[in-house]
Each structure stands twice: as C-alpha cells, then as structure tokens.
Visitor: 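Shown below is the structure under consideration.
Any value given below was found using the heavy atoms of this structure, including those in side chains, with hydrogens, waters and symmetry copies removed.
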Amino acid sequence: MRLSRYFMPTLREAPADAQIVSHQLMLRAGLIRQEAAGIYAWLPLGLKVLKKIEQIVREEMDRAGAIEVLLPTLQLADLWRESGRYDDYGDEMLRIKDRHDRDLLYGPTAEEVITEIFRAFVKSYKDLPKNLYNIQWKFRDERRPRFGVMRGREFLMKDAYSFDIDEAAARKSYNRMFLAYLNIYARLGLKAIPVKADPGPIGGDLSHEFIILADTGESEVFAHGDLVEMGAPGPDIDWDGDLEPLVTQRSRLYAASDEMHDAARFEAEVPEAKRMTARGIEVGHIFYFGEKYSKPMKALVTGPDGKDAPIHGGSYGVGVSRLVGGIIEASHDDAGIIWPDAVAPFGVAVVNLRVGDAACDEVSERAYKALGEFGKEPLYDDRDDRPGAKFASLDLVGIPWQLIVGPKGVAEGVVEIKRRATGERQTLPLEAALKVIAE
RNA sequence: CGGAGUGUGGCUCAGUCUGGUAGAGCACCGCGUUCGGGACGCGGGGGUCGCAGGUUCAAAUCCUGCCACUCCGACCA
C-alpha cells in the first residue's frame with residue numbers, strides 16, 4: 001500500500017476525552033473514530049488489526065474442533081422469554097420494535113439463539129459433542145462505557161457454545177476451550193493467566209477468566225509465577241485425547257483477581273519467590289452452565305438408554321475488539337504502539353526519505369515490490385514529507401519494521417532497517433536488508 | 001442510576017468571573033527556502049461558540065430548560 005493513497009489519519013495530540021493509553025493511541029494512530037459513547041467506527045488501520053486478531057481466534061477455535069456459524073445481531077424477544085432472561089437482563093439489553101410491533105433485541109450474547117438452532121437439528125447423543133462459535137458484533141447498553149474499545153457498548157465478540165451429553169463430557173469440551181484460549185493469547189504475543197471466576201448459581205469449579213498482563217490494566221492479579229512461565233500448550237497437543245493433565249497442571253496453581261483474592265491462601269500455597277502480583281485486563285471468560293438453557297428451552301437429545309435429556313452446555317467468550325486495546329496496553333512506548341508481528345496492520349514500512357529523488361525512488365520502489373512478493377504487507381511511505389514527520393507517524397502506528405531509504409545510504413549502496421520494538425538498527429545493502437525482514 | 005465536570009474551526013486550548021468587532025498553536029491550501037527524528041518565512045481558507053428559549057441597545061459570556069460527552073462509584077467480553 002502506498003501511504004500517499006491510503007487513509008491513515010493520525011493526530012499529533014490525543015483528544016482530551018481519552019484517558020487511558022490504548023484509547024489515546026488508537027485515536028492518535030487513526031485506528032478508530034468515536035461516533036457515540038461506547039460506539040466506534042473502525043478506520044482502515046484499526047480494521048486490519050481487528051481482522052487479524054479475529055482470524056487468529058478463528059484458527060485456534062477451528063483447531064480445537066469448534067465450528068463457525070454466523071448468528072444474527074437482531075434476535076427475537078420471544079426466544080429470551082423462553083429462557084427467562086428477557087426480564088432478567090435489564091437495561092443493558094437494547095430492545096427494539098419492528099414495524100409489526102414485534103419485540104426484538106440487539107444481541108448481547110447468543111445462548112438462546114444457538115440453543116434454538118441446536119435443538120432444531122440435533123436429536124441424538126450420537127451427534128455429540130458439538131461446539132459452535134460465532135464472531136459477531138454484540139451490544140450491551142452499559143451504564144457507563146469507557147476506556148475506548150475496552151468497554152464499549154458495541155463490541156466484537158467471539159462466543160462459542162458447547163453441547164454435551166453429560167457433565168463429564170462437558171468438562172472435556174471445557175478443557176479444549178481452556179487450552180485453545182491460552183494458545184490464542186500466546187499467538188497474539190500476550191502473557192495470559194487463567195484465573196478462577198465466580199461460578200455463579202450453577203456452582204462447581206468450571207469457570208475461568210483469562211487476564212492478560214499489562215502494567216496499565218485495570219484489575220490486579222495474584223498468581224503463581226510458574227503459571228506465566230508455563231505459557232500455552234501449543235497447537236500440537238492431542239485435542240481428542242485426555243486434556244485434563246494439561247488443564248489441571250495450570251488450574252491447580254494459585255491465580256486470582258482482586259475480588260476473588262485470598263491473601264492467606266496465596267501465602268500458604270505459593271512460595272514467596274513465586275508470588276506474582278501484576279496488573280491485567282480480562283479478555284476472555286469461559287464457563288460451564290449445565291442445563292441452564294437446555295432445560296427451559298427443551299434442547300433435548302435421546303441418550304443410549306432411549307430417554308430424552310437436556311444437553312449440558314458451556315459458553316466461551318473472547319473480546320475480540322477489546323483485545324485491540326488490550327494488546328496496545330501491553331505493548332507500547334512513548335512514541336506509540338508496538339504491534340506484535342502477528343497482528344500488525346502492515347509488516348514493514350518502506351520509508352523513502354527523499355521522495356522525488358530518482359535514486360531514492362528507485363530503491364524504495366524495488367524494496368516495496370520485493371517485500372510485497374515476500375508477503376510482508378509493506379506500507380510504502382511515499383509522502384512528500386520531512387523525515388522526522390515520517391518516523392514519528394510510523395512509530396506511532398507501530399509498524400514492526402522500517403526499511404529506511406535515504407540519499408546518503410543510497411549513494412553508498414545501503415539502506416537502514418529498524419525494529420520498532422527494540423529500536424535496533426542495521427545498515428545493510430538492500431538485498432541483505434530484505435533478507436533480514438523476510439526472516 | 002447517584003455524584004462531579006466539560007461542550008468555542010479537524011486536534012489541543014485561551015476568552016466566560018467583570019456582556020461590547022470570535023482568538024492562539026498544531027493541522028489544511030498557495031508560493032519559496034528546507035529535508036535522517038513531527039522545519040521556517042510570507043500569504044490564505046475554515047467556527048450558527050452543543051441546542052432552544054429568556055434578559056439586554058448588545059450574549060461565547062448572565063438566566064432557564066434540554067442534549068451530548070468525560071470522570072468517580074455499583075455491574076461487565
């Protein structure tokens with residue numbers, strides 16, 4: 001992409017409305033534009049990042065055996081009356097009437113819809129287990145939206161729903177999601193901690209929140225240090241095998257967010273040297289809810305004994321749009337965003353310091369073309385602007401590499417490459433520089 | 001929803017107390033000089049001062065109502 005033809009409206013100063021660093025940087029780097037409280041337009045750069053995160057989430061869901069569907073944003077109120085949640089949900093649910101005066105709502109989540117679909121088609125235990133997921137915009141009319149996309153009213157969420165014959169089978173589905181989530185965050189370049197969450201009225205221990213570490217995060221986490229070092233299990237585990245050891249290896253270690261924290265237990269269970277206190281952001285939540293929806297909505301399957309029974313369900317959410325802010329909170333410096341390679345909107349910026357100079361233009365064009373062929377998604381800064389302005393805006397938007405073409409270097413047959421994350425620079429002949437960036 | 005605050009060119013803000021010709025910096029347009037970390041000079045364009053009433057000879061400024069947005073609290077991917 002040629003920057004002169006692109007749409008990347010950066011701001012030198014942060015709008016006064018933005019309080020936290022990710023929100024400020026998202027506005028300054030031209031990722032989003034606020035249209036109303038908690039409602040944002042996604043501009044080209046922001047959309048690219050959002051799509052990349054979405055794709056990583058999708059790939060890891062697929063790998064773990066989940067199947068993608070696309071559910072509507074608008075849902076029928078009658079479905080929610082069946083589950084009993086229509087009246088419970090309160091003012092957070094955006095209620096709408098259509099021209100026939102029918103009650104609709106903009107979905108804040110999709111347990112009812114997915115249960116309705118499931119019960120329409122699945123009748124036998126032989127068709128279980130199933131896990132269906134959906135990456136779709138949700139709306140929750142928060143009393144107080146804030147922090148940019150971290151707590152918007154409209155947000156993109158991946159929500160998966162598992163269906164199993166009994167609790168033991170549901171636990172296996174839960175384990176798959178537990179591990180898939182760790183893989184997602186690892187691929188996004190994040191350190192994530194699964195913490196036990198309030199299981200709610202269902203009880204049991206099958207509810208975890210996933211918190212990514214960021215110094216500016218809003219919640220405090222207390223955890224066993226090994227939990228972070230252990231990291232994600234990786235993609236090559238046997239997804240159909242027994243995942244329980246991998247899960248318990250992690251879930252038995254102490255981890256709690258501030259509201260669930262028990263200082264006495266923390267000190268008793270975790271040796272002093274391993275006690276970790278950090279700040280973080282909740283970016284995922286998984287839980288098992290048994291027959292909560294299948295019973296009232298009559299999502300029944302016939303078991304091996306010939307009797308019908310409600311399926312055991314679980315649901316698994318990832319805040320996709322929130323992750324954009326979360327990644328920035330975890331990865332930025334004074335100059336701007338530092339995108340992990342996996343989600344960067346462009347892989348490399350070709351910085352032509354002297355647009356109009358025949359030699360600089362020629363080398364820049366060559367680099368741009370080659371990097372495109374390597375699949376590095378180059379952004380060619382061909383703006384007729386001063387070097388300082390180019391560096392500042394490219395640092396701000398966080399492109400992982402800069403390949404800098406200046407008149408002095410070109411005269412000597414070299415270019416410079418700079419790594420955004422470390423500031424590390426190398427001066428090399430073009431071919432060698434391309435090789436480094438192409439890895 | 002309770003409490004606090006803010007609305008003035010695209011952005012950051014001054015001007016409001018004490019009513020009297022709407023301002024600055026950045027951004028934008030033109031010309032020129034510049035050109036390795038957000039340049040400089042000269043010239044220029046752009047604002048129903050959130051909206052609606054009211055007071056007044058005169059309202060960004062005072063009064064009333066409304067709206068929007070932000071922050072603090074209780075809830076949440």
Visitor: Students often get this wrong, so: under 4.0 angstrom with heavy atoms, is A:A14 touching a base, only sugar-phosphate, or nothing?
Guide: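 Sugar-phosphate: the residue A:A14, judged by heavy atoms under 4.0 Å, touches backbone atoms but no base.
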
Visitor: Please tell me if A:Q34 has a side-chain N or O lying less than 4.0 Å from either OP1 or OP2 of B:rU70.
Guide: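 Yes, because at least one side-chain N or O of A:Q34 sits under 4.0 Å from OP1 or OP2 of B:rU70.
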
Visitor: Using a cut-off of strictly less than 4.0 Å between a heavy atom of the residue and any atom of RNA chain B, enumerate the qualifying residues of residues 329-364 of chain A by number.
Guide: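 Correct list: A:L353, A:R354.
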
Visitor: Between B:rA77 and A:F155, is there a base-stacking contact, meaning the centre of the base's six-membered ring lies under 5.5 Å from the residue's ring centre while the planes stay under 30° apart?
Guide: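 Yes; centroid distance and tilt both under limits.
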
Visitor: In the structure I gave you, are the side-chain heavy atoms of A:V324 and A:V49 within less than 4.5 Å of one another anywhere?
Guide: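 Side-chain contact under 4.5 Å: yes.
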
Visitor: Would you say the rings of A:H23 and A:F147 are close, in the sense that their centroids are separated by under 6.0 Å?
Guide: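 Distance test on ring centres: not under 6.0 Å, no.
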
Visitor: Kindly indicate whether the side chain of A:L434, heavy atoms from C-beta on, has any atom under 4.5 Å from the side chain of A:F374.
Guide: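 In contact.
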
Visitor: When you measure from the side chain of A:P387, which nucleotide among B:rU12, B:rC75, B:rC35 comes out closest?
Guide: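 Nucleotide nearest to A:P387's side chain: B:rC35.
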
Visitor: Aromatic contact between A:F210 and A:F178, with the criterion being ring centroids under 6.0 Å apart: yes or no?
Guide: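 That pair passes the under 6.0 Å test.
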
Visitor: Counting side-chain heavy atoms from CB outward, which of B:rC69, B:rA74, B:rG37 is closest to A:D17?
Guide: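 Taking heavy atoms from C-beta onward, the closest nucleotide is B:rC69.
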
Visitor: What's A:G284 touching, base or sugar-phosphate or nothing? Going by heavy atoms closer than 4.0 Å.
Guide: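 Sugar-phosphate contact only - A:G284 comes under 4.0 Å of backbone atoms but never of a base.
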
Visitor: Which whole-number value in Å describes the distance from A:E142 CD to B:rA74 P?
Guide: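 It works out to 14 Å between those atoms.
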
Visitor: For RNA chain B, which residues in residues 418-428 of chain A have a heavy atom at a distance below 4.0 Å?
Guide: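 The stretch gives A:K418, A:R425 as the residues lying under 4.0 Å from the strand, ordered by number.
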
Visitor: Determine whether A:M297 and A:F118 make a side-chain contact, defined as any pair of heavy atoms from C-beta on separated by less than 4.5 Å.
Guide: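 No; the side chains remain at least 4.5 Å from each other.
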
Visitor: What is the nucleic acid contact for A:R153, judged by heavy atoms within less than 4.0 Å: base, sugar-phosphate only, or nothing?
Guide: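 Here A:R153 touches no strand at all.
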
Visitor: Just by distance, do the side chain of A:Y181 and the backbone of A:G317 share a donor-acceptor pair under 3.5 Å?
Guide: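 The answer is yes, because a donor-acceptor pair under 3.5 Å joins these two groups.
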
Visitor: Check for a donor-acceptor pair, side chain of A:R279 on one end and backbone N or O of A:G217 on the other, with a separation under 3.5 Å.
Guide: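 Looks like yes, one N/O pair under 3.5 Å.
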
Visitor: When all nucleic acid strands are considered with a 4.0 Å heavy-atom cut-off, which category describes A:E209: base, sugar-phosphate, or nothing?
Guide: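 Counting heavy atoms under 4.0 Å across all strands, no contact is made by A:E209.
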
Visitor: Return the nearest nucleotide to the side chain of A:R386; candidates are B:rA77, B:rC35, B:rG37.
Guide: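 It is B:rC35.
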
Visitor: Does A:L396 reach a base, just sugar-phosphate, or nothing at all? Heavy atoms under 4.0 Å.
Guide: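 Base contact.
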
Visitor: Where the side chain of A:A392 is defined as all heavy atoms beyond and including C-beta, which of B:rC69, B:rG38, B:rC11 is the nearest nucleotide?
Guide: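 Comparing B:rC69, B:rG38, B:rC11 against the side chain of A:A392, the answer is B:rG38.
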
Visitor: Cation-pi check for A:Y6 against A:R383: NZ or CZ below 6.0 Å from the six-membered ring centre and within 45 degrees of the axis, yes or no?
Guide: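 No cation-pi geometry.
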
Visitor: Heavy atoms under 4.0 Å, any strand shown: does A:E13 hit a base, just sugar-phosphate, or nothing?
Guide: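 Touches a base.
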
Visitor: When you measure from the centre of the six-membered ring of A:Y380, is the NZ or CZ of A:R2 under 6.0 Å away and within 45° of the axis?
Guide: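 No; the conditions do not both hold, so A:R2 does not lie above the ring face of A:Y380.
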
Visitor: Which residue, A:R322 or A:R144, contacts RNA chain B at a nucleotide closer to its 5' end, judged by nearest heavy atom?
Guide: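 It is A:R144 whose nearest nucleotide is closer to the 5' end.
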
Visitor: Is the phosphate of B:rA27 approached by A:R12 (side-chain N or O, under 4.0 Å from OP1 or OP2)?
Guide: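 The answer is yes; a side-chain N or O of A:R12 sits under 4.0 Å from OP1 or OP2.
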
